[in-house]
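Convention: sequence-line order gives letters A, B, ...; per-chain numbering from 1.
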Protein chains: 2
Amino acid sequence: MTIEEQIKKINSSLATKGYKLTGQRDATLRVLLENEKDHLSAEEIFLLVRKKFPKIGIATVYRVLELLTELHIVEKMNFGDGVVRYDLRSDEHEHMHHHMICNQCGEVREIKEDWLQMLEKRLEKEFGFTVTDHRLDFIGSFHSCDSHSCKHSGKAAVS
Amino acid sequence: MTIEEQIKKINSSLATKGYKLTGQRDATLRVLLENEKDHLSAEEIFLLVRKKFPKIGIATVYRVLELLTELHIVEKMNFGDGVVRYDLRSDEHEHMHHHMICNQCGEVREIKEDWLQMLEKRLEKEFGFTVTDHRLDFIGSFHSCDSHSCKHSGKAAVS
DNA sequence: ATACTTGCAAAAGCTTTGCACACAA
DNA sequence: TTGTGTGCAAAGCTTTTGCAAGTAT
């Protein structure tokens with residue numbers, strides 16, 4: 001699905017609940033869609049959105065992110081560096097993507113398969129617990145980061 | 001392992017790094033050990049510690065928690081309610097416990113098995129990624145909470 | 001008109017830090 | 001005495017909120 005198509009679809013979701021796709025919301029959404037893999041913080045999102053929409057205030061960005069969280073379009077995540085990051089849940093892999101977090105270079109790479117269906121059935125049976133969502137992160141390191149100096153941007157290492 | 005034994009063990013870890021087991025640290029540790037399953041926030045820990053050690057300040061509690069995080073005795077977690085919670089990593093199930101988070105009653109129940117070993121081998125093989133830690137949370141609801149009014153304390157519901 | 005949105009600034013958390021004092025080796 | 005640890009209050013951050021003004025239908 002192209003970004004335009006995704007925007008269009010999200011616009012429908014907004015409309016259903018009586019919300020409008022304003023310029024600020026559109027710009028924020030584009031930043032999220034264009035940086036899907038980056039798990040940006042509110043501050044980072046704000047700085048990027050401001051390039052598209054200079055007069056936006058950070059309060060608006062927070063309000064947009066809260067709105068998108070409500071609609072389950074993004075999800076708040078915390079990778080241990082103390083900052084809230086926003087993770088886009090695009091249709092293709094909603095409810096089924098996991099993370100590998102490298103503690104050498106800080107990269108957060110996504111795994112776009114759902115590895116947990118079996119386990120979720122087990123929770124249902126053994127605990128009477130119905131799963132509606134899950135979160136799975138692996139912390140460790142890529143061999144390519146261990147062996148030679150890592151090419152990825154040196155974000156803060158995790159824990 | 002009894003609480004006394006665990007305290008003793010942790011004391012050794014502290015000593016190794018030149019830290020002392022002061023009254024404040026002892027009290028904080030006991031609160032954590034006695035409430036292992038509760039995933040307390042800093043504020044909650046502070047209130048409980050103050051019962052044992054009334055003159056303690058919250059800054060000290062934060063400093064103790066930071067110290068324990070450094071030593072990998074506790075781990076900072078975020079369950080989506082916006083509060084940092086501290087999760088004890090006791091020896092028996094270090095690196096191998098998961099969470100069921102009920103969005104009816106807010107209970108966080110632990111699963112003390114490691115269900116991920118197979119998947120971690122796969123990451124090693126497919127991505128060249130060595131896992132040193134992981135995190136697995138399931139969000140959903142217990143049937144007992146759906147059917148009749150839930151007996152657990154009504155913490156804030158998750159997302 | 002009416003309801004939704006926004007920017008700004010103030011307020012509200014939660015967490016960290018500076019500093020002088022206390023304590024233990 | 002020397003370095004570690006602590007309480008208090010102040011400072012720092014991120015995030016939320018109040019309010020008046022703006023916008024679209």
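For A/R63, the salt bridge (Lys or Arg N to Asp or Glu O under 4.0 Å) test picks out no residue, with sequence neighbours left out. With sequence neighbours left out, A/K52 forms a salt bridge (Lys or Arg N to Asp or Glu O under 4.0 Å) with A/E34. For the side-chain hydrogen bond (donor to acceptor under 3.5 Å, both in side chains) test, residues two or more places apart in sequence or in another chain that qualify with B/R122 are A/E113, B/E126.
A/Y19 has its OH atom 7 Å from the P atom of C/dT5, to the nearest Å. Regarding B/F46, its CZ atom lies at a distance of 13 Å from the P atom of C/dT15, rounded to whole Å. Distance B/E44 CD to C/dT15 P: 11 Å, rounded to the nearest Å. The distance between atom NZ of A/K17 and atom C1' of C/dA3, rounded to the nearest whole Å, is 18 Å.
Nucleotides of DNA chain D lying under 4.0 Å from heavy atoms of chain A occupy a range whose first and last members, 5' to 3', are D/dT14 to D/dG18.
Listed by residue number, A/R63 are the residues of residues 62-70 of chain A with a heavy-atom contact under 4.0 Å to DNA chain C.
For the pair B/R109 and A/F129, the NZ or CZ position fails the cation-pi test of under 6.0 Å to the six-membered ring centre and within 45 degrees of the ring normal.
Residues A/R30 and A/E4 are paired through a salt bridge, judged by an N-O separation under 4.0 Å between the basic side chain and the carboxylate.
Here B/I56 lies in heavy-atom contact (under 4.0 Å) with sugar-phosphate atoms only.
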Between A/L29 and A/L21, is the side chain to side chain contact (heavy atoms under 4.5 Å, CB included) condition met? List the steps. CA-CA 10 Å; A/L29 269 170; A/L21 183 61; 3.9 Å; yes
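If A/E43 and B/V61 are placed on DNA chain D by their nearest nucleotide, the residue sitting closer to the 5' end is B/V61.
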Toss me the dot-bracket line for DNA chain C: Watson-Crick and G-U wobble, both under 3.5 Å, 5' to 3', using | for pairs to another strand and [ ] for crossers. |||||||||||||||||||||||||
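A tilted orientation is assigned to the rings of B/H134 and B/H98, their planes being inclined by 30° to 60°.
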